[in-house]
Amino acid sequence: MSKHVAVLMGGWSAEREVSLRSGAGCASALEEAGYRVTRVDVGRDIAEVLARLKPEVAFNALHGCPGEDGTIQGILEILRIPYSHSGVLASALAMDKAQAKVVLADAGVPVAEGRVVSRAEAARGHVMETPYVLKPVAEGSSVGVYIVREDQAHPPQELTRPDWKHGETLLAERFIPGLELTCAMIRGEPSEVTEIEATHAFYDYDSKYAPGGSNHILPARILPEVYQQVRILTAKAHKALGCRGVSRADFRYDTRTGDASGLVCLEVNTQPGMTETSLVPELAAYAGISFSELVTWMVEDASLDR
């Protein structure tokens with residue numbers, strides 16, 4: 001029989017719907033490639049479900065908690081089921097944006113000036129000189145992210161909502177004007193670089209996942225030396241955080257500098273999206289790697305003690 005792969009998707013994070021789409025596409029591609037696939041909508045009984053299914057490999061298509069923060073990776077380690085993407089430590093570290101910044105900066109990857117603040121502090125008044133960005137320390141897909149502009153007299157009032165769901169700790173960072181860039185690690189090598197033009201105010205959740213929400217320009221329209229520096233920094237960030245398999249590093253580039261000194265790494269995604277509008281499949285395709293070949297490599301790369 002062909003290898004049995006459990007595709008883990010859904011879950012209960014704010015990125016559930018994106019994960020379901022990523023998982024469905026990956027599951028179909030794996031079935032077409034000849035694998036025996038079980039689609040698993042992850043609930044809090046996931047350890048029991050996996051113990052019963054006994055898959056040979058777990059393909060992690062979860063986004064956010066518990067799939068991206070080291071939690072599901074720990075369960076898979078205990079059950080001794082080889083899995084895709086990064087391991088426990090790298091996943092937990094990359095998910096905590098504040099801690100990841102410390103490691104990246106120490107490795108020589110430029111990061112934005114910023115500080116960790118409580119939601120209450122951020123709601124009371126400006127915590128940095130405007131413009132700045134407020135983001136939850138442990139969310140993905142730009143969930144709960146706000147750009148505080150120069151003309152805003154007060155922080156976003158959404159911070160005071162009683163139904164706020166994005167945690168009590170935020171990261172405030174200096175806003176970097178210019179271009180949005182991204183680069184992935186695929187098969188152990190940095191990909192080409194994509195420039196992202198959002199059709200909304202910034203590259204938010206809808207820009208990332210709604211059809212027509214953004215324009216992807218591949219390769220990015222930047223100077224050759226800046227282009228190569230993005231690729232170098234992507235590989236350096238992947239290694240510094242201890243990532244495995246596929247990851248994606250996001251950057252801002254202040255074009256006013258005219259050179260690579262304007263690059264700032266925003267974050268490293270250890271569970272990048274795999275939907276029809278996602279960046280990693282697009283970057284792979286540009287390199288001549290089909291979606292089927294990409295997910296097949298991710299299954300065959302799966303291991304334990306990552």
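All values below come from the heavy atoms of this structure, side chains included, with hydrogens, waters and symmetry mates left out. Since the structure is predicted, the reported quantities are computational estimates derived from the model, not experimental observations.
Linking Ile, Leu, Val, Met, Phe, Trp and Tyr whenever their side-chain heavy atoms come within less than 4.5 Å puts Ile75 and Val40 in one cluster. If you chain together hydrophobic residues whose side chains sit under 4.5 Å apart, Val299 and Met9 fall into the same group. Using a 4.5 Å cut-off between side-chain heavy atoms of Ile, Leu, Val, Met, Phe, Trp and Tyr, with links allowed through other members, Leu263 and Leu223 fall into the same hydrophobic cluster. Residue Val49 is grouped with residue Val42 when hydrophobic side chains (ILVMFWY) are merged at heavy-atom distances under 4.5 angstrom, including chains of intermediate members. Transitive grouping of hydrophobic side chains (ILVMFWY, heavy atoms separated by less than 4.5 Å) brings Phe59 and Ile186 into a common cluster.
Look at Arg149 and Asp151 and you find no salt bridge, because none of the NZ, NE, NH1 or NH2 atoms lies under 4.0 Å from a carboxylate O. The residues Asp106 and Lys101 are annotated as not salt-bridged, no charged nitrogen and carboxylate oxygen being separated by less than 4.0 angstrom. Between Arg244 and Asp305 there is no salt bridge, since none of the side-chain N atoms of the basic residue sits less than 4.0 Å from a carboxylate O of the acidic one. Between Glu267 and Arg248 no salt bridge is recorded (no basic side-chain N to carboxylate O distance below 4.0 Å).
Between Val193 and Arg231 the shortest side-chain heavy-atom distance falls below 4.5 Å. Side-chain contact between Pro281 and Met274 is present, with heavy atoms from C-beta onward closer than 4.5 Å. Put simply, the side chain of Thr234 reaches to within 4.5 Å of the side chain of Phe251, judged on heavy atoms. Inter-residue side-chain proximity for Tyr253 and Glu195 is flagged as unmet; no heavy-atom pair is nearer than 4.5 Å. The shortest distance between side-chain heavy atoms of Ile72 and Asn60 falls below 4.5 Å. At least one side-chain heavy atom of Val145 sits less than 4.5 Å from a side-chain heavy atom of Val133. Between Val127 and Leu134, some side-chain heavy-atom pair lies under the 4.5 Å cut-off. Proximity of Gln228 to Glu225: side-chain heavy atoms (C-beta onward) are nowhere separated by under 4.5 Å.
In terms of heavy-atom proximity, Leu104 sits nearest to Ala237 at CD2-CB, 3.6 Å. Annotation for Trp12 and Gly43: closest pair CZ3-C, 3.4 Å, computed over non-hydrogen atoms. When all heavy atoms of Ala33 and Thr296 are compared, the pair lying nearest together is CB-OG1, 3.6 Å. Across all their heavy atoms, Gly245 and Asp301 have their closest contact at CA-OD2, 3.6 Å. Across Val103 and Ala240, no two heavy atoms sit closer than the pair CG1-O, 3.6 Å. When all heavy atoms of Val280 and Ala184 are compared, the pair lying nearest together is CG2-CB, 4.0 Å.
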- Task: Please step through side-chain contact (heavy atoms from CB on, under 4.5 Å) for the pair Leu181 and Ile196, ending with a clear verdict.
- Result: CA-CA 6 Å; Leu181 305 171; Ile196 303 160; over 6 Å; no
- Leu218 and Leu283: CA distance, side-chain angles, deciding distance, side-chain contact (heavy atoms from CB on, under 4.5 Å) verdict: CA-CA 8 Å; Leu218 180 59; Leu283 285 163; 3.7 Å; yes
- Trace of the salt bridge (Lys or Arg N to Asp or Glu O under 4.0 Å) decision for Asp41 with Arg16: CA-CA 10 Å; Asp41 188 345; Arg16 171 178 169 80; 2.8 Å; yes
- Message: Thr277 vs Glu282, test: side-chain contact (heavy atoms from CB on, under 4.5 Å). Steps then yes/no.
- Response: CA-CA 8 Å; Thr277 60; Glu282 186 178 66; over 6 Å; no
- Task: Take Leu170 and Val137 through the test side-chain contact (heavy atoms from CB on, under 4.5 Å) and record every step on the way to the result.
- Result: CA-CA 5 Å; Leu170 303 174; Val137 294; 5.7 Å; no
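Within 6.0 Å of NE2 in His4 there are more than 12 heavy atoms belonging to other residues, nucleotides or ligands. Summarising the local packing, CD of Glu129 is surrounded by 12 or fewer heavy atoms from other residues, nucleotides or ligands at distances under 6.0 Å. Surrounding CD of Glu300 are more than 12 heavy atoms belonging to other residues, nucleotides or ligands, all under 6.0 Å away. Enclosure of atom CZ in Arg80 by more than 12 non-hydrogen atoms of other residues, nucleotides or ligands within 6.0 angstrom is indicated.
Between the side chain of Gln73 and the main chain of Gly70, a donor-acceptor pair closer than 3.5 Å is present. No side-chain donor-acceptor contact under 3.5 Å links Glu68 to the backbone of His63. Not one N or O on the side chain of Asp45 forms a donor-acceptor pair closer than 3.5 Å with the backbone of Glu48. Counting only distance, with no hydrogens or angles, the side chain of Ser2 and the backbone of Gly34 share a donor-acceptor pair below 3.5 Å. Judged by distance alone, the side chain of Thr160 and the main-chain N or O of Gln157 form a donor-acceptor pair under 3.5 Å. Judged purely by atom type and a 3.5 angstrom limit, Asp259 uses its side chain to pair as donor or acceptor with the backbone of Ser261. The main-chain N or O of Ser19 is never found under 3.5 Å from a side-chain atom of Ser22 such that the two would form a donor-acceptor pair. Under a 3.5 Å cut-off, the side chain of Thr257 and the backbone N or O of Asp254 do form a donor-acceptor pair.
Atom CG in Leu93 sits 10.0 Å away from atom OG in Ser86 (nearest 0.5 Å). Atom CZ of Arg21 sits about 4.5 Å away from atom OG1 of Thr275, to the nearest 0.5 Å. From Ser278, atom OG reaches atom NE2 of His216 across 8.5 Å, with rounding to the nearest 0.5 Å. Rounding to the nearest 0.5 Å places CG of Leu62 at 8.0 Å from CD1 of Ile46. Between Leu76 atom CG and Leu8 atom CG the span is 6.0 Å, to the nearest 0.5 Å. In this structure, NZ in Lys97 is found 6.0 Å from CE in Met95, a value given to the nearest 0.5 Å.
Note: Tyr132 and His126 meet the aromatic proximity criterion, with ring centroids under 6.0 Å apart.
The side chain to side chain donor-acceptor pair (under 3.5 Å) test with Glu173 singles out one residue from Arg115, Arg252, Lys135, and that residue is Lys135. Evaluated for a salt bridge (Lys or Arg N to Asp or Glu O under 4.0 Å) with Glu31, the options Arg36, Lys3, Arg39 yield exactly one hit, Arg39.
Of the N and O atoms on the side chains of His238 and Ser247, at least one donor lies less than 3.5 Å from an acceptor on the other residue.
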